[in-house]
Every structure is written in C-alpha cells, then in structure tokens.
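Notes follow once the structure below has been shown.
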Amino acid sequence: VKARAIESIFLTRASRPEVPSTRVLVLGGDTTGILVAERLAGEGFPVLLLGPSDGASVPDTVAVLSGMELEEIRGFVGGFDIVLGNSTGRSVERVGFVVAAQPEDVVPKFQDYGLAKSESVRSLSDVEAHVRSSAMTVPRHGEWSHVAFLLGLERGSDPTVLSRTLAVIETLGQMEKVQTYVFTRQLKVAASGLERQYRECRENGTIFFKFDDAGPIFEGDPEAPVMVFNEPLLGREMELVPDLIVVDEHLGPPTSLNPLLEAMPISFMADPYLQPESTRFSGVETPKAGILALGPSRGVFDPNLIKSDVESVLAVLKQAGDEPRDKNLPGPPEIDPAKCTMCLTCVRLCPHGAMTFAKTAQADPDTCVRCGICAVECPMKAITLAPGPGQTAIDSRVQQGLTRTTSSKKILGFLCSRSAGQALHASKMEILENLVPIVVPCAGSLDVSHILHAFQEGADAVIVAGCFKGNCASGYGTVLAEERSRMAREILDTVGIEPSLLQFVSTAGNTPGVLARAVSELETRFSALT
Ligand code: SF4
Ligand code: SF4
C-alpha cells in the first residue's frame, strides 16, 4: 500500500486548482449518505453522491453516481481528483471535499463462538429484520420458547450492539411465553438511554448472565447446540437448550474506505479508520484537510452520534467556505531546489499529507498546518519554515529571551503551542519567574541544535514540553521531540553538562500543574548542583 501511495505521489498527483472547488463527493451506501448529501445540497453545496442503496429515493438537488466504484483520490483540499471505475472504464471527477459516509461492515460472530448459522442460530441483524417485518415467529420445542442472546462474550459489549439487542428483547417481551437470556462479559451502558433499556428488560424478566472469564461452552451440533456454563452467582454448572441463539456482531470500518486510507498521510495508513485514536480528532476532521469522516468511517456506530456527525460535516464545510485561511499563519515551508535530492523523507513524514512533488518537493499551502516536522527531518536541510507574522526564528527568540531575563536561574522552556503553550497562557504562568518560555508550533519542530543552542546561550536548564503521546495533533511530533531530547542529553553528557538539566515532559492545555512541577524540579536540581 505504501509503495502504491508513493508511486501515486509521483505519477498521479492532481494539479492545484486556480479556484478551489466547493463541490463535495459524498461516499454513501445507506440512508446516512443520502441524509448528509441532502443537507449539504440544501445549504447550496454542489453534491455528488456515490452509491446510494438500490431503489433509494434521492432528492433532485443531489447528483448521483451509481454503478461506479471509488478507485483513487489524488490531490488536496479544494482540488481532489476522484478516479471512479467499473468494468467498462474509468472517469475522473474534480471535487473540493470528500465525505466518507458509508455504512459499517457487519460481521456476525458465528465463528468466534464455534457456531453455525441455522434456523436455531441466527445473527442479530437477521433477527432484527424479522422483527421489523412483523413476520417474526420464535422457534419453540415446548410450551415456552427460550431465546439466548450472546453479547460481547470475548471483549465486552459494544453499546450500539447492546442497544439493538435490548430493542429486540423488548419486542420479544410482547410475545406470549418467550423467556429471554443474555450471556455477556461486561455490559457497557454508558450511552444515552441504555441504562434505562437494560433496567426495563431485567424488570420484564430477561435473565442476564455476566461472566468474568470462562463463558458458556457450546456442546453438540453447532447449528443447535446445548449451552453449558457455570452460573456466575451460584457457581453451579447449568445447561440450557435454547430454541433460538442470537449471535452478536462485530461492527467494523467500511471496506470501501481503502482508497481514502491510501490518500491519508502514510503515517496514518495502518489505521482501519480515517481518524487516528486521539482526542485531537473527536470531530469529523481527519489528518488530511478536505477529507471528512462520518460515523463508521471514524469508528462511531451509535445512530444518535452519526446524526450529530452529519451536522458537524455541515458546520466544517460551511466554515471552510466562510473563512479564508488564518492570516496569522506563516507561509508554507519553502524548499531549496538546489539542496532537495527528492529523497521523499518529507512526503513520508508529513503527518498531514501536505507534501507532494513537482520538480522538487512542495507543500500544499491549504493542507500544511506549519508543524515544522518536515524542516527538521529533511536530511539535506532543504526546507525552511518561516516564523509566523511578528515572530523571529527560534534561535533568535532563545537568545533574546535569555538576554532579557533578570531571574537568578534561567530555565528555558520550549513549549508546544497546542499543549504546554496553552497551559501557560490559560494559567497565567508567565509569572513563573525563572521560566523563559519559547512557544513553538509543534514540539516536533524542535531540532537537537535548538536545544543545544539554548545551553550555549546561557540557559541553566531546559524543558521540552510536548503533548501526551497519542494526543499530538501532528501524530508523532511529541515522539520526535522526546527522542531528540534524549539525543541532546547524550551530547550534553559528552561536553560535561549534567544531562538531567534537560527534561522532556508531556502535558496538555488543561494540565498546567505538570509544567509548573517540571520547572520547580529543574530549579531544585540546578540549585543542588551549584
Ligand atoms: S526531505 Fe528534503 S531532500 Fe528529501 S525530498 Fe523532502 S525537501 Fe527534498
Ligand atoms: S510543516 Fe508539517 S504539515 Fe507542513 S508540510 Fe511540513 S510536515 Fe507537513
């Protein structure tokens, strides 16, 4: 996949549009795709909807592409080229944004439990469809019908699957002489209304068996097994011969996400979803500008949350149309063609998929977030990221800060603007008298030379403060910063400076105490050494 992505960078990149397109491609497949397409068209966006479900009614305001599959996406926000194909050929459409709104992949867990699909062993979706069609009859071999629901017996229940299960149980509860059982490991009732649904099912007679470890064993015919288990409360072995076993399902990312995953920065491609697991990406935005992920494409399956994702997509796209790019941002990285050897390091490492090639490396100005990682990682030092308006380069800010300070101890802090810089601002820690703060766009924009330069200019100790791992908006900026701090400590050691006077710390905008403690520890350490 990586080789293909790199090849596509060279061979199939999209040309940058003169005028950014506001056209939106919605990747659909069920009612959610139609809903988001309709909402966007209603707000005046030209919308292309790919793959609505057969026979679905789509409003006239939405252009529909059917019988085609998405093969590839090239380019950047405002100018994506979408390659579509089918058995008769390929075509290319130009759009400004892509919204992934495909339904989830649903895989029943028959195999996980060693069961086989039959009249007596059915998936949750299958039983739901019967309940909806009102043609539901429950198999029964005696006067009473015993229906066993299996729910997250390996890893705990998914709240969406639990809610669906409880809804089916509620319907069965209205039938004559049906006894329902739920076999589960851990019920996650955190989602809205679930606790109530669960309580009502219990009160209406459903028996819940919750297992800490070994759950039931299925003996005999996998199409009509006997369930043997240790009753968790009484510790007694029990046997149940259900008339119907309802098997729960894995909910996973849509398989049609692959072309979108390939368009993502290479560093994020291993993720099955379009969003990395990080609180930085709690909305519908992805690491790549212009590609938005809704519901299952970002690992969200709760129908209520999917509905609010639809509104979030609308808000993001309206804002993109309303607001020109932040004027306070510096220009994108500049590449010196005389130094660039086209090694692809910047393409591989850009966490936002902003780098491409023309005759030399180039950053798309609307995709680049100016994190500075490429400039530090380029082995040829061919990339320069200009300081923001009103700012000077990091080294000169270090020099000025250390010259101006009048404090007895000089603790220089390189603070990531998205975490420690915000903590400093919010808590008014400017009053930390010994701290000389230098706010940098991302901790990953710091080179070893910046750290060493701070000591050279007279810093008594240095703190590098980045985000918590997994919470870095640029993916691995904080990991790079920690590694460079480790390398700088090794160099300090060789030149006779106590390495523990350089400290890396992870923090967040709402945890100012972490930074304050680190400053205080360094002050104490420095005092003890002098
Ligand atoms: S990392 Fe530097 S040398 Fe390599 S392609 Fe990018 S700009 Fe050119
Ligand atoms: S500054 Fe950051 S976002 Fe911009 S091209 Fe470089 S690595 Fe990518």
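Counting starts at 1 for both ligands and their atoms, following the listed order.
Those atoms of ligand 2 that come under 4.0 Å of a heavy atom in G372, given as number and element, are 1 (S), 2 (Fe). Residue-ligand proximity, R370 to ligand 2, at heavy-atom distances under 4.0 Å covers atoms 1 (S), 4 (Fe). In summary, the atoms of ligand 1 found under 4.0 Å from a heavy atom of T345, numbered by their order in the structure, are 1 (S). Atoms of ligand 1 lying under 4.0 Å from at least one heavy atom of L344, given by number and element, are 4 (Fe), 5 (S). Residue-ligand proximity, T341 to ligand 1, at heavy-atom distances under 4.0 Å covers atoms 3 (S), 8 (Fe). Within ligand 1, the atoms closer than 4.0 Å to a non-hydrogen atom of F357 are 5 (S), numbered from 1 in the order shown. Using a 4.0 Å cut-off to heavy atoms of I383, the atoms of ligand 1 that qualify are 7 (S).
Here L260 contributes atom CG and I291 contributes atom CD1; the two are 5.5 Å apart, rounded to the nearest 0.5 Å. In this structure, CD1 in I82 is found 10.5 Å from OG in S91, a value given to the nearest 0.5 Å.
At a 4.0 Å heavy-atom cut-off, ligand 1 does not touch T360 at all.
The side chain to side chain contact (heavy atoms under 4.5 Å, CB included) check on L35 picks up R39, V310, with sequence neighbours excluded.
Using bins of under 30°, 30° to 60° and over 60° for the plane-to-plane angle, the ring pair Y273/F301 lands in the perpendicular bin.
No hydrogens or angles considered: a donor-acceptor pair under 3.5 Å links the side chains of S474 and R418. A donor-acceptor pair shorter than 3.5 Å can be found between the side chains of Q102 and S256.
Listing protein N, O or S atoms at distances below 2.8 Å from atom 8 (Fe) of ligand 2, with waters left out, gives C350 SG.
The pair K288-D364 fails the salt-bridge criterion, with no side-chain N (NZ, NE, NH1 or NH2) lying under 4.0 Å from an Asp/Glu carboxylate O. Ion pairing of D309 with R298 is present here, as a side-chain N (NZ or NE/NH1/NH2) and a carboxylate O approach within less than 4.0 Å.
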Please evaluate residues D460 and K410 with respect to the criterion salt bridge (Lys or Arg N to Asp or Glu O under 4.0 Å), reporting the C-alpha separation (whole Å), side-chain torsions for both, the decisive distance (0.1 Å), and the verdict. CA-CA 5 Å; D460 295 319; K410 298 176 182 177; over 6 Å; no
Between K469 and E482, is a salt bridge (Lys or Arg N to Asp or Glu O under 4.0 Å) present by the stated rule, with each step listed? CA-CA 10 Å; K469 275 183 203 154; E482 186 169 15; 3.0 Å; yes
Could you walk me through whether R74 and E72 pass the salt bridge (Lys or Arg N to Asp or Glu O under 4.0 Å) check? CA-CA 7 Å; R74 313 165 189 158; E72 195 180 341; 3.8 Å; yes
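From the protein, the heavy atom lying nearest to atom 2 (Fe) of ligand 1 is C378 SG, 2.3 Å. Shortest contact from atom 4 (Fe) of ligand 1 to any protein heavy atom: C343 SG, 2.3 Å. For atom 8 (Fe) of ligand 1, the closest non-hydrogen atom on the protein side is C340 SG, 2.5 Å.
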